[in-house]
Protein chains: 2
Amino acid sequence: MATAAIIGGGVIGGGWAARFLLMGWDVRVFDPDPEAERKIAEVLAGARASLPGLADVAMPQEGRLTFHPTIPEAVAGAEWIQESVPERLELKRKVYQTVQEHCAPDAVIGSSTSGFKPSELQGDAVRPGQIVVTHPFNPVYLLPLIELVTTEANPVELVDRAKAVLEGIGCYPLHLKKEIDAHIADRFLEAVWREALWLIKDGIATTEEIDNAIRYGFGLRWAQMGLFETYRIAGGEAGMRHFIEQFGPCLSWPWTKLMDVPDLDDALIDAVAGQSDAQSGAYSIRELERMRDTNLVSILRGLKAQNWGAGALLKAQDVRMSTLPERLEDVADLSQPILTVSQAVPLDWTDYNGHMNEARYLTAFGDATDRMMRLVGCDADYVASGVSFFTVETHIRHLDEAKAGARIRVESQCLEGQGKRMHLFHRMYGGERLLATGEHMLIHVSLETRSSAMPDDRVAVPMARLAETHAGLPRPEGAGKAVGVR
Amino acid sequence: MATAAIIGGGVIGGGWAARFLLMGWDVRVFDPDPEAERKIAEVLAGARASLPGLADVAMPQEGRLTFHPTIPEAVAGAEWIQESVPERLELKRKVYQTVQEHCAPDAVIGSSTSGFKPSELQGDAVRPGQIVVTHPFNPVYLLPLIELVTTEANPVELVDRAKAVLEGIGCYPLHLKKEIDAHIADRFLEAVWREALWLIKDGIATTEEIDNAIRYGFGLRWAQMGLFETYRIAGGEAGMRHFIEQFGPCLSWPWTKLMDVPDLDDALIDAVAGQSDAQSGAYSIRELERMRDTNLVSILRGLKAQNWGAGALLKAQDVRMSTLPERLEDVADLSQPILTVSQAVPLDWTDYNGHMNEARYLTAFGDATDRMMRLVGCDADYVASGVSFFTVETHIRHLDEAKAGARIRVESQCLEGQGKRMHLFHRMYGGERLLATGEHMLIHVSLETRSSAMPDDRVAVPMARLAETHAGLPRPEGAGKAVGVR
């Protein structure tokens, strides 16, 4: 079992501790803060809830977390020592001195520094070759980027080992060719931070307006492609060189308060265009556009499910645009199956067979079931009062395919609605084609006991009314069938 | 039916055209480029594939797209005129002059300008009050942000109408309080662009390294929270004021080439902290952290499904970490049900009932089915050769609940595997608890004809071997049952 020592257990050190632990390392923490144990426990709780669910495989057995009153004790036996103490060079150098007096001579000492260059950290250390910058991003347990910055003092073997360890705990080590103040990413963050402070100081925008300008626009792009690949697409069919030529002139316009501007000469244009070809040239602009759009749909729908950010805007728009019934009284003709879903198949619902994935049929049928629940009174308020329906059984027949972008609709019939049971039958259509049927048994439950419970009149009465009216409908072909039975 | 005129049909104008059309507007395009029709058709194809799938409701009937040889003809009857011609002030002013001679006097004339202030655009126009900045972000049909910049010349009624139209087509109008060169978002983009060009010029990083520094780190954060809400969390329990105090000093350090720095006096600190409270104060830092983490898991898993960016890193990690069998020969004991899924329940798989959503059971069973397919030889290469299995029928029994973070596993049994049919039975466990069973009938198909077809020996032989070995297992309780039958 590998061992990591964490020197400094704040938000960043705690994040490192959580990532190492969950990836199976033993972790030894030194932090003089009497609150350190509580703080790390809180970070760890967040990591335990989120990190394992990124994997579709079993995580390793979690490592052992221990706290130690001194640096010498913490670094004993550690292969990796991660320093995340405050950004004061003298303090960091003092820490390395103590660490190096007691740690294994071939252990990696990584610093979380946002700004210092590794040569500054190495300073007059007894073994400068042990010390590298490994700069993470909060939350450390979810974001993969680590800026790995080294000097010529670092042996190639140690650098390779550092990369392997970082990859092993699920990180992406971005190894910088040259050291520079604030590495790469924080230079961008600092430029944006300065510009943002100017906007606030000059009364142009508030913090909320600035955040919305980011998360409703380019922030969505940057979650999946960076600056250059995005601009390569914006250049259209002519690509990166065209983009630079088109937007080159404004480089010298007063578009930011920050005015030191590189000379956009041929050498720089060639460098940018050539590097962009090396990076993205394997794809055509149309292919990149399609990947960008699929990624954006996926991100936006993910945020929509959380009702957050740009996804919250989409949810609100659905409410404005929806013409489907929310209450039984809204249903035009209660004697017929009810239209409960009407939408297009999202780009990210398809799979390697080129059609809507089987699980997405149940997503759509689940939405239809949710609407049937709301129609009989089981809405958000009802659920908030501690009662709901759980689906206990589902039978789906896949009869035909649906492609991304196809319009689908679901018509729903109530086969039974009495006591604790609601028995539903959904038909999914694409135009006139019957794509699938879904038969579902729901049981009314108490959310407190998590057991079945009788509904009160808020639900019992409308459910009975629906069941009674739908009792006049013919029993659907396919209802009551078992798998493989014709 | 409302009508929009699009003056200039490049990537941006085409994106506007697509958004208006898909939201039910008639669109009249003027663009002297002889390629304009083809280019807009391509943008529209991308929009048709992606935008409708953002909604979970039916989209309006698509509007009518027409092309017109002159501006006067294009703007006839238009309520909204969107100008997206090149960034030359004199050209834009000349366009407005022609537009205003022929358009309705109360139509909104929106400019897609990245940099010009509305007062510059209004210039000596006959009706300056008609002209506003409505600056979109590429791809216009997916990203909601529109920077709406107005002057005192614009009547309140027109500004309100512009906002309502933008919201109606699914956009988020961010109305700037004051005009400024490059509005808000492009000031950030320009600052990052300048810094990035310096990094390339100075040989610190390549375009690809810069893009990775963005999309594996802060780009993921910015898709869901902006700069300030992110930093509010980073400040920890003490919030925004603490963050500024902690990171204030480095404002004057050489962390960017761009060095004009606002004075971080009390007034500015108060403004930032106060605005941040107004923006995010309704949530505790812990709540914000939890929302951030859920959003990030959702974004990362979405990218993972596309095998792109940070999601591609996660997929590669799964391959490294997986201990589950990929081929029949890897299965230790073929006489027992096979472990086909072993993972934690992701944060974004739960629903309003506080447990794993019903559709996610089928996601997991679908993954189990995919592995069983691979085990009998139906892997990526096999599918690429034009043959596959389709699931035609599914029966799920939900027996117990699973919460986010819970470890689940699926054990799979082959009930039948001969001819075109593969009949599978999955059991999902959380520890010793049986959470659900899934019974599935798969049919072997030709991906060309989309019809059933006999598998060749690559699949027929291992499938027969698996079926034969599993024939010795007892028939599972629950197999062959119909919904509601005990």
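Naming convention: chains lettered A, B, ... in sequence-line order (proteins, then strands); numbering from 1 in each chain.
- Residue A:Ala305: no heavy atom, backbone or side chain, is found under 4.5 Å from chain B.
- Note that the CG atom of A:Asp202 and the NZ atom of B:Lys177 stand 12.0 Å from one another [nearest 0.5 Å].
- Neither the backbone nor the side chain of A:Glu289 comes within contact range of chain B; no heavy atom of the residue lies under 4.5 Å from a heavy atom of that chain.
- Neither the backbone nor the side chain of B:Tyr361 comes within less than 4.5 Å of any heavy atom of chain A.
- The side-chain heavy atoms of B:Trp222 and A:Val192, taken from C-beta on, include a pair separated by under 4.5 Å.
- The two atoms that bring A:Ala213 and B:Leu145 nearest to each other are O-CD2, 3.2 Å, heavy atoms only.
- Only the side chain of A:Val383 comes within less than 4.5 Å of a heavy atom of chain B; its backbone N, CA, C and O stay farther away.
- Using a 4.5 Å cut-off between heavy atoms, A:Ala185 contacts chain B through both its backbone and its side chain.
- Note on A:Asn138, A:Val11, A:Leu176: by heavy-atom pairs under 4.5 Å with chain B, the leading option is A:Asn138.
- Considering only heavy atoms from C-beta on, B:Arg407 stays 4.5 Å or farther from A:Pro52 through its side chain.
- Per-residue counts of heavy-atom pairs under 4.5 Å with chain A were compared for B:Arg409, B:Met59, B:Met240; the largest is that of B:Met59.
- Chosen from B:Gly10, B:Ser322, B:Ala310, B:Ala278, the residue pairing most often with chain A at heavy-atom distances under 4.5 Å is B:Ser322.
- Ranked by heavy-atom pairs shorter than 4.5 Å toward chain B, the options A:Gly405, A:Gly217, A:Gly309 are led by A:Gly217.
- Heavy-atom distances place both the backbone and the side chain of A:Leu54 under 4.5 Å from chain B.
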Just list the side-chain donor-acceptor pairs under 3.5 Å for residues 294-303 of chain A, sequence neighbours left out, or say none.
{"residue": "A:Thr294", "atom": "OG1", "partner": "A:Arg290", "partner atom": "O", "Å": "2.8"}
{"residue": "A:Asn295", "atom": "ND2", "partner": "A:Gln224", "partner atom": "OE1", "Å": "3.0"}
{"residue": "A:Asn295", "atom": "ND2", "partner": "A:Met291", "partner atom": "O", "Å": "3.1"}
{"residue": "A:Ser298", "atom": "OG", "partner": "B:Gly302", "partner atom": "O", "Å": "3.2"}
{"residue": "A:Arg301", "atom": "NH1", "partner": "B:Gly53", "partner atom": "O", "Å": "2.7"}
{"residue": "A:Arg301", "atom": "NH1", "partner": "B:Asp56", "partner atom": "OD1", "Å": "3.3"}
{"residue": "A:Arg301", "atom": "NH2", "partner": "B:Asp56", "partner atom": "OD1", "Å": "2.8"}

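- Residues A:His440 and B:Val483 come closest through the heavy atom pair C-CG1, 4.4 Å.
- With a 4.5 Å cut-off on non-hydrogen atoms, A:Lys201 touches chain B through its backbone and its side chain both.
- A pairwise comparison of heavy atoms in A:Asn353 and B:Ser388 identifies OD1-OG, 2.8 Å as the closest pair.
- Of the residues A:Thr391, A:Thr363, A:Thr369, the one that meets the side-chain hydrogen bond (donor to acceptor under 3.5 Å, both in side chains) test with B:Glu358 is A:Thr391.
- Residue A:Pro86: no heavy atom, backbone or side chain, is found under 4.5 Å from chain B.
- Here B:Ile180 contributes atom CD1 and A:Trp198 contributes atom CH2; the two are 11.0 Å apart, rounded to the nearest 0.5 Å.
- Comparing B:Gly203, B:Ala223, B:Pro346, B:Gly366 by how many heavy-atom pairs each has under 4.5 Å with chain A, the most go to B:Ala223.
- Scanning both residues, A:Asp211 and B:Gln279, for their nearest heavy atoms gives OD2-NE2, 2.6 Å.
- For B:Glu416, the side-chain hydrogen bond (donor to acceptor under 3.5 Å, both in side chains) partners are B:Arg421, not counting sequence neighbours.
- Looking at A:Leu268, only its side chain comes within 4.5 Å of chain B, counting heavy atoms on both sides.
- Neither side chain, B:Asp348 nor A:Gln306, offers a donor N or O lying under 3.5 Å from an acceptor on the other.
- Atom CG of B:Leu142 sits about 11.5 Å away from atom CZ of A:Arg221, to the nearest 0.5 Å.
- Here B:Ala196 is the residue among B:Gly480, B:Ala404, B:Ala196 with the most heavy-atom pairs under 4.5 Å with chain A.
- For the pair B:Thr207 and A:Ser276, the tightest heavy-atom approach, listed with the atom from each and the gap, is OG1-N, 3.4 Å.
- Put simply, of A:Glu229, A:His183, A:Gln317, A:Arg450, the one with the most heavy-atom pairs under 4.5 Å next to chain B is A:Arg450.
- Under the 30°/60° scheme for interplanar angles, the aromatic rings of B:Phe228 and A:Trp193 are found to be tilted.
- From A:Phe218, atom CZ reaches atom CD1 of B:Ile214 across 9.5 Å, with rounding to the nearest 0.5 Å.
- With respect to A:His395, the side-chain hydrogen bond (donor to acceptor under 3.5 Å, both in side chains) criterion is satisfied by exactly one of B:Arg397, B:Glu439, B:Lys481, B:Glu393: B:Glu393.
- Contact annotation for A:Leu227: both backbone and side-chain heavy atoms come within less than 4.5 Å of a heavy atom of chain B.
- Counting heavy atoms from C-beta on, the side chains of A:Leu174 and B:Glu208 never come closer than 4.5 Å.
- Per-residue heavy-atom pair counts under 4.5 Å with chain B were compared for A:Met321, A:Glu147, A:Arg48, and the maximum is reached by A:Met321.
- Heavy atoms of A:Ile204 lying under 4.5 Å from chain B belong to its backbone as well as its side chain.
- Between chain B and the options A:Met225, A:Arg292, A:Glu209, heavy-atom pairs under 4.5 Å are most frequent for A:Arg292.
- We find the OH-CG distance between B:Tyr172 and A:Leu314 to be 14.0 Å, quoted to the nearest 0.5 Å.
- Heavy-atom pairs under 4.5 Å with chain A peak, among B:Ala479, B:Gly170, B:Ala49, B:Ser342, at B:Ser342.
- With a 4.5 Å cut-off on non-hydrogen atoms, B:Ala234 touches chain A through its backbone and its side chain both.
- Considering OG1 of A:Thr230 and CZ of B:Phe137, their distance stands at 12.5 Å, rounded to 0.5 Å.
- Residues A:Pro144 and B:Leu220 are in side-chain contact: their nearest non-hydrogen atoms beyond the backbone lie under 4.5 Å apart.
- Options B:Asp367, B:Asp318, B:Thr206 differ in how many heavy-atom pairs under 4.5 Å they form with chain A, and the most are formed by B:Asp318.
- Shortest non-hydrogen contact noted between B:Asp293 and A:Pro139 is OD1-CG, 3.8 Å.
- For the options A:Ala344, A:Pro60, A:Ala271, heavy-atom pairs under 4.5 Å to chain B are most numerous at A:Ala344.
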